[in-house]
Colleague: 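Have a look at the structure that comes next, please.
Quick note on labels: first sequence line is chain A, next is B, and so on, each numbered from 1. In this text, all values refer to a predicted model and were calculated from it rather than measured experimentally.
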2 protein chains.
Amino acid sequence: MRRTEPETRGEILAAATRRFAATGYRGTSLQDIATEVGCSKATVLYHFANKEALLTELMAPAIAMLQSLDDSLVGLTGRAAQQTAAAGFIDLAVRFRREIAVLRGEFPELLQQPAFAHIQRISERMRDALAGHSAQPGARIAALVLLAGISEGCAEFVDVPDDELRPALLALAGRALEPVPDQSPTQDKET
Amino acid sequence: MRRTEPETRGEILAAATRRFAATGYRGTSLQDIATEVGCSKATVLYHFANKEALLTELMAPAIAMLQSLDDSLVGLTGRAAQQTAAAGFIDLAVRFRREIAVLRGEFPELLQQPAFAHIQRISERMRDALAGHSAQPGARIAALVLLAGISEGCAEFVDVPDDELRPALLALAGRALEPVPDQSPTQDKET
DNA sequence: AGCATGCCTGACCGATCGGTCAGACCCTGA
DNA sequence: TCAGGGTCTGACCGATCGGTCAGGCATGCT
């Protein structure tokens, strides 16, 4: 089935995103994706080296945004870290709902793949920032629950519009995160 | 390898719980479980009819507790529904951390299996109760985020002792859930 | 016309999956 | 001593997985 415009590659990427989000990475076969696109499995593997390459490419934008968010957290402490991390992560989660849904539940094993090796440390830093770098168990637990809940929630609320989901999540984060003092020794704007 | 005591069945169940929680239901093969126990795959299938039977049996206690929690929610409205659902679900999540981790991420497909057909509706009612039966998007979103976050959080904090995790989660739920009025027609002392 | 190139496909591969089956082994009771 | 039943296993099955490969077809350049 020859395409008039060679946009097959993009269709494969879009179909893979939908299928991975719906049934997981392991739960989706290359044949599933090919069937949804309307091409053969061999065509999928013509455009992408292998199944993992398909995954890494569709995750790339979300990972780039996660990386830049992580960069913007360096040096922040206390409430500044909490608020920046919360607002940034909510933005990310709302924008990349499907991509986050892909990782849902398969995080541990997918993170073993070299392309995602650094994500684990980023998410740990994110959790730490959400806890305001506090060592108190309550703050750490709240941060993880919020992080996981937002990821899962965005994936589930695919039908809720962004401008309704985002403020609701921001308000929730404001209530849920344990208040921590601004730990900077000199209480200027910067640490 | 003959066991002196025929406790192989229990060992298989325990190994399956660990493996399912670590790598997911689909991500764990019967051979994986057999290897961890130290028996053959055929032995696993001698004690359990098939892979699904293994899953349903190890999930049974958690499901029973979920069912009874669901029963205790009927007729409750407003804050009473919120508080009962929150406390009950936190109890359940803390106690059955590994079992909940099993379902992590594979919820949608696992729920298709007949043994779990009713869980979806229970979890929807749970979400509704956590939202205080409010139709406001903020309340619904907060309920889902908390539900998902607690499930994920308990699965992750396997090393945190129960009596530390439980109060932290309860405090978090108290902060995070949107306050709703007590919808009972007669407004007593409880707001 | 002839050729190269990009896109696509059916046929095929080895590995692994869940599951079946005949039979070996061991204990117990008659 | 032997029969029987509970436990366990290696060998095997069909299905499906991710991935490879040679070749077909349309197009564009020379």
Colleague: Nearest whole angstrom, please: distance from the C1' of dT9(C) to the CD1 of I12(A).
Modeller: 13 Å
Colleague: Is the shortest side-chain N/O distance from H47(A) to OP1 or OP2 of dG6(C) below 4.0 Å?
Modeller: no
Colleague: Expressed in angstrom and rounded to an integer, what is the separation of R9(B) atom CZ from dC8(D) atom P?
Modeller: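 Between P of dC8(D) and CZ of R9(B): 12 Å.
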Colleague: Could you tell me whether the side chain of M126(B) reaches within less than 4.5 Å of the side chain of L66(B), counting heavy atoms only?
Modeller: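 Side-chain contact under 4.5 Å: yes.
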Colleague: Assign each of S40(B) and L45(A) to its nearest nucleotide of DNA chain D by heavy atoms, then name whichever residue's nucleotide is nearer the 5' end.
Modeller: S40(B)
Colleague: Over how many whole Å does the gap from Q31(B) atom CD to dT20(C) atom P extend?
Modeller: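 That distance rounds to 16 Å.
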Colleague: Using OP1 and OP2 only, check whether a side-chain N or O of S29(B) sits under 4.0 Å from dC17(C).
Modeller: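 Yes, within the criterion.
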Colleague: For L30(A) and for K41(B), find the nucleotide of DNA chain D with the closest heavy atom, then tell me which residue's nucleotide is more 5'.
Modeller: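 Residue closer to the 5' terminus by nearest nucleotide: K41(B).
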Colleague: Nearest-Å distance, CD (E7(B)) to C1' (dT7(D))?
Modeller: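 Those two atoms, CD and C1', are 14 Å apart.
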Colleague: May I have the distance from N50(A) (atom CG) to dC21(D) (atom P), rounded to whole angstrom?
Modeller: 14 Å
Colleague: Grab the OH-P distance between Y25(A) and dC17(D) for me, whole Å please.
Modeller: 14 Å
Colleague: Show your working on side chain to side chain donor-acceptor pair (under 3.5 Å) between S29(B) and D32(B) and close with a plain yes or no.
Modeller: CA-CA 5 Å; S29(B) 69; D32(B) 290 337; 3.2 Å; yes
Colleague: For a 4.5 angstrom cut-off between non-hydrogen side-chain atoms, does C154(A) reach F96(A)?
Modeller: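 SC-SC contact between C154(A) and F96(A) ruled out.
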Colleague: Considering only heavy atoms from C-beta outward, does the side chain of V94(A) approach that of R97(A) to under 4.5 Å?
Modeller: yes
Colleague: Indicate whether OP1 or OP2 belonging to dT7(D) is found under 4.0 Å from a side-chain N or O atom of Y46(B).
Modeller: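 Yes, such a contact exists.
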Colleague: Are side-chain heavy atoms of R9(A) and I12(A) found at a separation under 4.5 Å?
Modeller: no
Colleague: From NZ of K51(B) over to P of dT20(C), roughly how many Å is that when rounded to an integer?
Modeller: 15 Å
Colleague: OP1 or OP2 of dC7(C) less than 4.0 angstrom from a side-chain nitrogen or oxygen of T43(A), does that happen here?
Modeller: no
Colleague: Within this structure, what is the CD-to-C1' distance between E52(A) and dC17(D), rounded to whole angstrom?
Modeller: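 Taking CD of E52(A) and C1' of dC17(D), I get 16 Å after rounding.
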